[in-house]
Number of protein chains: 2
Amino acid sequence: MSAIGPSTRRPTRQRSAVVESLGAVADFVSAQDLHARMRAGGNAIGLATVYRTLAALAADGVLDVLRTADGEAVYRRCSTHHHHHLVCEVCGRAVEIEVPFLEDWAETVGGEHGFWNVRHTVEVVGTCTNCQTGKP
Amino acid sequence: MSAIGPSTRRPTRQRSAVVESLGAVADFVSAQDLHARMRAGGNAIGLATVYRTLAALAADGVLDVLRTADGEAVYRRCSTHHHHHLVCEVCGRAVEIEVPFLEDWAETVGGEHGFWNVRHTVEVVGTCTNCQTGKP
DNA sequence: GCGGAAATGAGAATCATTGTCAACTCGGAT
DNA sequence: ATCCGAGTTGACAATGATTCTCATTTCCGC
């Protein structure tokens, strides 16, 4: 569960296929969605493997994970530095944002309470410009 | 889904029971959890009703909703002031913390990108003092 | 008190995610 | 190049939260 161990992670056809397919998508995709896309693209891979691989990549910090409003996990390849997202809860559009002071603050407040190895998650959601006007 | 229609909402025994039970819990609770607590407290209510009621209350803006790491929806009565938690990922101990500047910042960054009705979630996790020593 | 609309509840249905386990594949040693 | 063992895969079952169904009950205005 903590598993920060890079220990034994073997490169396989499926693993690189997942990474590659993920690169072909600009936005966040769910495991189900990615699996469907891969299959559609003639890439034979098991659903369980997609889940496992995404989880492993996320654990390695290669992917960003967040949850849609209905609880589905969605993934996206992320850049090397830590950042957060502003997500439209209507259309799902995501904007990458930064919270410079937050990084330090998290460390600090963690330290103050005697916490170690502190990580944080920030999600900001709202309604984007497009979706404000087109309200049903 | 958008459902801002107050339209027809009838006060019932169950509805007020849910609100009351929710008030008895300081932290976030899942629908399952709340249902179990209510039953345990001798409050007969159906699981589906708990789900429906929580969803309705959340739609009315009476409740805060967020998702745990494993996708479970958790609810909390909107308190007057917004705060966050520092959670130990080993023992689950939670410390209440505040991020004053974050509130403003979320508004600001949302506005900059044309987002409306911006809400945010912050989760800070780490390993607390007690659990550091007992590391395998 | 009556009638209809809204709400409830028990259980089935749905759906994402995880577990199981035998078969397979990779990388290093022979 | 071949063999071996550990990591990996995939089909399917299992789990678990959430939603749906529909007959029954409750609330509110008349």
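In what follows, every heavy atom counts, from backbone to side chain, and hydrogens, waters and symmetry copies are set aside. Labels below follow one simple rule: chain letters A, B, ... track the order of the sequence lines, proteins then strands, and each chain is numbered from 1.
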Which pairs, protein N/O on one side and nucleotides 16-19 of chain D N/O on the other, fall under 3.5 Å?
residue, atom, partner, partner atom, Å
D/dT18, OP1, B/Ala73, N, 2.8
D/dT18, OP2, B/Tyr51, OH, 2.6
D/dT18, O5', B/Tyr51, OH, 3.4

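Distance, A/His35 NE2 to C/dT18 C1': 15 Å, rounded to whole Å. Between the CD atom of A/Gln14 and the C1' atom of C/dA23 there is a distance of 13 Å, given to the nearest Å. Distance A/Arg39 CZ to D/dT9 P: 14 Å, rounded to the nearest Å. Per the geometry, CE belonging to B/Met38 stands 13 Å off C1' belonging to C/dG9, to the nearest Å. Here D/dC20 presents its C1' atom at 16 Å from CG of A/Asp70, a figure rounded to the nearest Å. Atom P of nucleotide D/dG10 and atom CZ of A/Arg15 are separated by 12 Å, given to the nearest angstrom. Between the CD1 atom of A/Ile45 and the P atom of C/dT25 there is a distance of 14 Å, given to the nearest Å.
Residue-to-nucleotide contacts include a donor-acceptor pair under 3.5 Å from the side chain of B/Arg52 to the base of C/dG9.
Here the side chains of B/Tyr75 and B/Leu34 are not in contact, with every heavy-atom distance at 4.5 Å or above. With a 4.5 Å cut-off on side-chain heavy atoms, A/Ile97 and B/Trp105 count as touching.
B/Ile45 and B/Val19 fall within the same hydrophobic cluster, where Ile, Leu, Val, Met, Phe, Trp and Tyr residues are linked whenever their side-chain heavy atoms come under 4.5 Å apart, directly or through other members. One hydrophobic cluster holds both B/Val65 and B/Leu22 under the rule that ILVMFWY side chains link at heavy-atom gaps under 4.5 Å.
Atom CZ of residue B/Arg15 and atom CG of residue B/Leu54 lie 10.0 Å apart, to the nearest 0.5 angstrom. Separation of atoms CG (A/Leu47) and CZ (A/Arg39) is listed at 8.0 Å; rounding is to 0.5 Å. One finds the OG1 atom of B/Thr108 at 6.5 Å from the CD atom of B/Glu112 (value rounded to the nearest 0.5 Å). B/Arg67 CZ to A/Leu66 CG: the interatomic distance, rounded to the nearest 0.5 Å, is 12.5 Å. Taken to the nearest 0.5 Å, the CG atom of A/Leu63 stands 10.0 Å off from the CZ atom of A/Phe28.
Over its full length, the helix from C/dG1-D/dC30 to C/dT30-D/dA1 turns its helical axis through 30°, comparing axes from the five pairs at each end and rounding to 10°.
With hydrogens and angles left out, the side-chain atoms of A/Glu72 and A/Ser30 include a donor and acceptor closer than 3.5 Å.
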| note | Scoring nucleotides 24-30 of chain D by protein non-hydrogen atoms under 4.0 Å (B base, S sugar-phosphate only, - none) yields --BBS--
| query | Is there a side-chain contact (heavy atoms from CB on, under 4.5 Å) between B/Asn43 and B/Arg13 once you walk through the steps? | reply | CA-CA 10 Å; B/Asn43 215 327; B/Arg13 175 178 60 78; 4.1 Å; yes
